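Residue indices begin at 1 and follow the sequence shown. Everything quoted here is computed from the prediction, not taken from an experiment.
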Amino acid sequence: MTALQDLKYGQWFKGADVDGDGFIIQQDVRMMSERYIAARGTTPDSGTARRLTEGMDGFWTNVIAPMDQDGDGKVDLREMTDGFKRVLTDPALYPEQIAPVTNCFFDLVDLNADGKIDQAEFQQMFDCVAAVPGDDCAAVFGALDRDGSGALDRAEFHQALTEFFYGNDPHAPANHLFGRIAY
């Protein structure tokens with residue numbers, strides 16, 4: 001694992017530790033999706049909200065919970081970083097490790113269901129879910145919009161998540177997906 005990945009994972013941890021207690025528990029993971037569902041005005045019993053909640057439960061069960069090295073039911077930054085180092089090593093596993101949750105978020109974020117996420121939709125998601133400041137969202141969005149269309153299609157969104165979780169390129173725009181990191 002590189003120092004860059006440590007920084008990125010640390011930034012992700014800050015957003016995932018919803019209550020700020022220094023640990024990620026299943027409730028934090030659920031609260032990430034609940035905050036976005038509420039901000040979007042989607043009812044918790046809608047199909048998309050249920051898929052997101054189920055996807056986040058699966059993310060907890062299959063990715064985060066196994067990182068709990070001391071069995072206390074919570075994951076601290078060291079455990080999460082060590083776990084990401086062990087688990088998120090092969091981008092070929094993205095379809096089973098990260099893609100299901102990414103697809104749910106994409107569907108929720110795409111407010112007008114046009115198959116794209118515009119800058120306002122993107123900013124709403126990352127402000128609500130990961131508390132990323134608006135200026136950071138705008139800069140990251142601009143860099144991720146590789147084709148300059150003014151929107152992210154599903155492929156661009158997946159590419160960003162792949163770069164964030166698996167990449168080592170210090171110049172990749174997705175490094176700042178969950179907030180600006182300082183090298």
Side-chain angles (χ1 to χ4, degrees), residues 5-88 93-111 113 117 120-134 136-137 140 152 154 157-158 160-166 174 176-179 181:
Q5 286 174 314
D6 284 341
L7 290 170
K8 292 190 299 183
Y9 295 164
Q11 192 66 27
W12 185 88
F13 184 90
K14 286 180 194 173
D17 179 16
V18 175
D19 61 10
D21 67 355
F23 300 98
I24 300 173
I25 61 172
Q26 186 169 17
Q27 186 59 31
D28 286 308
V29 174
R30 279 209 172 155
M31 286 175 18
M32 288 186 338
S33 58
E34 289 168 2
R35 284 192 308 193
Y36 189 74
I37 291 166
R40 174 142 189 243
T42 300
T43 61
D45 60 347
S46 74
T48 302
R50 279 195 311 274
R51 279 195 324 276
L52 177 61
T53 301
E54 289 167 6
M56 291 300 278
D57 284 347
F59 185 67
W60 167 259
T61 301
N62 299 318
V63 178
I64 302 297
M67 297 177 189
D68 179 12
Q69 296 171 3
D70 58 11
D72 64 357
K74 49 191 177 181
V75 176
D76 64 26
L77 178 59
R78 182 194 53 78
E79 288 174 318
M80 189 216 60
T81 302
D82 290 349
F84 277 174
K85 181 180 179 181
R86 283 190 317 276
V87 175
L88 300 178
L93 297 176
Y94 174 86
E96 58 197 63
Q97 292 177 324
I98 308 291
V101 172
T102 301
N103 281 325
C104 288
F105 268 107
F106 187 95
D107 292 341
L108 271 175
V109 175
D110 181 13
L111 295 174
I117 297 172
E121 292 167 332
F122 181 86
Q123 187 161 338
Q124 181 186 18
M125 177 178 69
F126 283 96
D127 180 40
C128 291
V129 174
V132 178
D136 288 352
C137 279
V140 169
L152 302 178
R154 195 174 294 269
F157 196 61
H158 279 288
L161 273 290
T162 301
E163 283 178 3
F164 181 84
F165 283 108
Y166 301 94
H176 307 287
L177 190 59
F178 294 94
I181 57 172

**Q** Any chance you could measure M67, atom CE, to E79, atom CD, to the nearest 0.5 Å?
**A** 10.0 Å

**Q** Of all the heavy-atom pairs spanning R86 and P66, show the shortest one and how long it is.
**A**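 Looking at all heavy atoms of both residues, the shortest contact is NH2-O, 4.0 Å.
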
**Q** Just so I know, are the side chains of T81 and F13 near enough to count as touching, which here means a heavy-atom distance under 4.5 Å?
**A** no

**Q** Can you tell if the side chain of Y9 reaches within under 4.5 Å of the side chain of L88, non-hydrogen atoms only?
**A**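 When only atoms from C-beta onward are counted, L88 and Y9 do touch, with a gap below 4.5 Å.
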
**Q** How long is the straight-line distance from CZ of R30 back to CD1 of I25, given to the nearest 0.5 Å?
**A** 11.0 Å

**Q** May I ask you to test the I181-K8 pair for a side-chain heavy-atom distance under 4.5 Å?
**A**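 Yes, close enough: below the 4.5 Å cut-off.
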
**Q** Specify the closest pair of heavy atoms between P95 and P100, including all atoms of both residues, with the distance to one decimal.
**A**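 P95 and P100 have their closest heavy atoms at O-CD, 3.3 Å.
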
**Q** Is the closest basic N to carboxylate O distance between D45 and R50 below 4.0 Å?
**A**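 R50 and D45: not salt-bridged.
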
**Q** Does the side chain of M56 come within less than 4.5 Å of T53's, by heavy atoms?
**A**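 T53 vs M56: side chains apart.
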
**Q** Any heavy-atom pair between the side chains of Y166 and L161 that's under 4.5 Å?
**A**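 Result no, sub-4.5 Å side-chain heavy-atom pair not found.
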
**Q** For a 4.5 angstrom cut-off between non-hydrogen side-chain atoms, does D76 reach D70?
**A** no

**Q** Could you pull out the closest heavy-atom pair between G15 and V18, with the gap in Å?
**A** O-CG2, 3.9 Å

**Q** Could you check whether H158 and Y94 have their ring centres less than 6.0 Å apart?
**A** yes

**Q** Within the 4.5 Å heavy-atom criterion, are Q69 and R78 side-chain neighbours or not?
**A**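 Contact flag for Q69/R78 side chains = yes.
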
**Q** Start with the C-alpha gap between I64 and D28, add the side-chain angles, then the distance that decides, and say whether side chain to side chain contact (heavy atoms under 4.5 Å, CB included) holds.
**A** CA-CA 11 Å; I64 302 297; D28 286 308; over 6 Å; no

**Q** Evaluate the criterion side chain to side chain contact (heavy atoms under 4.5 Å, CB included) for residue pair K74 and Q27; output intermediate values, then yes/no.
**A** CA-CA 10 Å; K74 49 191 177 181; Q27 186 59 31; over 6 Å; no

**Q** First locate atom CG of D68, then atom CD1 of I24, and finally report the distance between them rounded to the nearest 0.5 Å.
**A** 11.0 Å

**Q** For residues D110 and E121, determine if any side-chain heavy atom of one lies less than 4.5 Å from a side-chain heavy atom of the other.
**A**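 They are in contact (side-chain heavy atoms under 4.5 Å apart), so the answer is yes.
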
**Q** Among D107, T102, I117, find the one that has a side chain to side chain contact (heavy atoms under 4.5 Å, CB included) with R154.
**A**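 It is D107; the other options fail the test.
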
**Q** To the nearest 0.5 angstrom, please state how far the CH2 atom of W60 sits from the CE atom of M32.
**A** 11.0 Å

**Q** Okay, side chain of D136, backbone of G179: is any donor-acceptor separation there less than 3.5 Å?
**A** no

**Q** Can the ring centroids of W12 and F84 be said to lie less than 6.0 angstrom from one another?
**A**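 Yes; F84 has its ring centre under 6.0 Å from that of W12.
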
**Q** Taking the six-membered ring of F178, is the NZ or CZ of K14 close enough (under 6.0 Å from the centre) and on axis enough (within 45°)?
**A** no

**Q** What's the shortest heavy-atom distance between A174 and A160, and which atoms?
**A**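 That would be CB-O, 3.1 Å.
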
